[in-house]
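A short worksheet on the structure shown next.
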Number of protein chains: 2
Amino acid sequence: MEKSIPDIVVGRLPRYLRSLEYMLKNGIKTTSSQELGESIGISAAQIRKDLSQFGEFGKQGTGYSVRYLVDQLQSILHVNQSWDLVLVGVGDLGTALATYQGFVNRGFHIVLAFDNDPAKTGKKIGDVTILGMDQMETKIAESGAKIAMLSVPASAAQEVAEKLIKSGIRAILNYAPMQLILPGDIHVEYLDPITKLQHMTYYLG
Amino acid sequence: MEKSIPDIVVGRLPRYLRSLEYMLKNGIKTTSSQELGESIGISAAQIRKDLSQFGEFGKQGTGYSVRYLVDQLQSILHVNQSWDLVLVGVGDLGTALATYQGFVNRGFHIVLAFDNDPAKTGKKIGDVTILGMDQMETKIAESGAKIAMLSVPASAAQEVAEKLIKSGIRAILNYAPMQLILPGDIHVEYLDPITKLQHMTYYLG
DNA sequence: TAGATTGTTAATCGATTAACAATC
DNA sequence: TAGATTGTTAATCGATTAACAATC
């Protein structure tokens, strides 16, 4: 019988990690829940509570070793390894994603790219050659990739997502302005700017 | 004494609106909390509860008029008007944002773009000419724009954000991989893919 | 040692779900 | 009318905060 960690807690860990990596890069050896909290706008109590879900990483009186906590969080999040990404939809946004260095820097490598425009297939984008959608299922299955970035039009997103899952994809970073209805064991994160803008305009009167 | 609506409820309204607009486009005249909920993976009870924060929009026995509810939600979210956007940072991602038609379609218009690279200033991107950062504060203040999209490197994000606020910006769509620490009356939404990917890799073992 | 800070428990707060009278 | 579905209240569930003994 395993304890299940709330998803909302897992979602905060990457933010802790980012701030701690920043400290590490700047030579800060030790921090406290208080200091870490101030750097990202979260209460010290919440940070201690969140971390306690995974173990005991600090020392009373002195706080946390930055290096040790970075190592632990990387391990918990499984980012102490390289991950293969699949890109579907190579429009303006897809092109920007394919050439964005931030992915590689954090161990995320685009290994396949697909587009349904015949004018694009065969061309290179970043390190990979754009393939047609007809090759999607077999190529992804071959690659063993588990994560896809979806930057197709909203009208195609649901259908493409279902094909991705058949190909073995288990997590989707969805840039399409479309809510996906998928099995519960598939992880989807949404990066649609319109929804976020409309959320903010509420407050702008 | 006004009742304050929870932010988490406000955040769901754009999703309701999107699904309802889709129904409207497809000629669906009436819907129920049940049907709407199934289309976006939210319980019927929650939808009714959320909507009840803003008024009574339905009819017992028949449900909601799609057109009426769309109108109401657009009005609540203030998206029945045009909004001016400012773009700061015109790299690959910024370029993709500037040319993305999805913004214009929803009434969001980029009216100013800034970059600190002298090689870029003076060039056109989308409908606007890229200006240098030195012109940022005055031009934004002149324009009266209230929303900015931030796609600068993480190292510059906090500083640029503070300048934006001085210029009159009150909401920031942050693409930089960096948590911003800003006054409480400034609204920030985060669209950083790395944090989302690291959230998902937790579950991929 | 004295001061600082953890990990954890209990208290509080807020969000979601269930249930149902009202009524179209 | 009978069936369907709302808006709302009460019950449940989960997340955050406060407090503090333990201890470095």
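To find a chain, count down the sequence lines: A is the first, B the second, and so on, and within it residues start at 1.
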Please list, one pair per line, the donor and acceptor atoms closer than 3.5 Å that link side chains of residues 86-93 of chain B to other protein atoms, with sequence neighbours excluded.
from  : atom 1 : to    : atom 2 : distance (Å)
B:D92 : OD2    : A:T99 : OG1    : 3.0

Got a list of side-chain donor-acceptor pairs under 3.5 Å for residues 102-111 of chain B, not counting sequence neighbours?
from   : atom 1 : to     : atom 2 : distance (Å)
B:N105 : ND2    : B:Q101 : O      : 3.4
B:R106 : NH1    : B:E21  : OE1    : 2.3

For residues 175-185 of chain B, which side-chain N or O atoms pair as donor and acceptor with protein atoms under 3.5 Å away, sequence neighbours left out?
from   : atom 1 : to    : atom 2 : distance (Å)
B:Q179 : OE1    : A:R15 : NE     : 3.1
B:Q179 : NE2    : A:I40 : O      : 3.1

Using a 3.5 Å cut-off and no angle test, enumerate the donor-acceptor pairs between side-chain atoms of residues 128-142 of chain A and protein atoms at least two apart in sequence or in another chain.
from   : atom 1 : to     : atom 2 : distance (Å)
A:T138 : OG1    : A:Q135 : O      : 3.2

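In the region residues 38-49 of chain B, proximity to DNA chain D at under 4.0 angstrom, judged on heavy atoms, holds for B:R48, B:K49. Residues of residues 60-68 of chain B having a heavy atom closer than 4.0 Å to DNA chain D, listed by number: B:Q60, B:G61, B:T62, B:G63, B:Y64. In the region residues 25-37 of chain B, proximity to DNA chain C at under 4.0 angstrom, judged on heavy atoms, holds for none of the residues.
Annotation: side chain of B:I147 is not in contact with side chain of B:D84 (no heavy-atom distance under 4.5 Å). With a 4.5 Å cut-off on side-chain heavy atoms, A:Q74 and A:D71 count as touching. The side-chain heavy atoms of B:T195 and B:Y190, taken from C-beta on, include no pair separated by under 4.5 Å. Contact annotation: the side chain of B:L204 approaches that of A:W83 to within less than 4.5 Å [non-hydrogen atoms, C-beta and beyond]. With a 4.5 Å cut-off on side-chain heavy atoms, A:D50 and A:Y16 count as touching.
B:D127 is linked by a side-chain contact (heavy atoms from CB on, under 4.5 Å) to nothing, counting only residues two or more places apart in sequence or in another chain. With sequence neighbours excluded, the residues that form a side-chain hydrogen bond (donor to acceptor under 3.5 Å, both in side chains) with B:Y203 are A:D7.
Residue pairs meeting the ring-ring contact (aromatic ring centres under 6.0 Å, His included) criterion with at least one member in residues 130-164 of chain B: none, sequence neighbours excluded.
A side-chain donor-acceptor contact under 3.5 Å links A:S143 to the backbone of A:A145. Proximity of a side-chain donor or acceptor of B:N26 to a complementary backbone N or O of B:I28 within less than 3.5 Å is not detected.
Taking a pair as Watson-Crick or G-U wobble with both distances under 3.5 Å, the runs of three or more consecutive pairs in DNA chain C are C:3-24 with D:3-24.
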- Message: Could you walk me through whether B:L173 and A:M200 satisfy the side chain to side chain contact (heavy atoms under 4.5 Å, CB included) test, starting with their C-alpha distance in whole Å, then the side-chain angles of each, then the deciding distance to 0.1 Å, before giving a yes or no?
- Response: CA-CA 9 Å; B:L173 195 61; A:M200 296 197 296; 4.2 Å; yes
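Read 5' to 3', the first and last nucleotides of DNA chain C with an atom closer than 4.0 Å to a heavy atom of chain A are C:dA4 to C:dT9.
With DNA chain D read from its 5' end, the first of the two nearest nucleotides for B:F57 and A:V9 is the one closest to B:F57.
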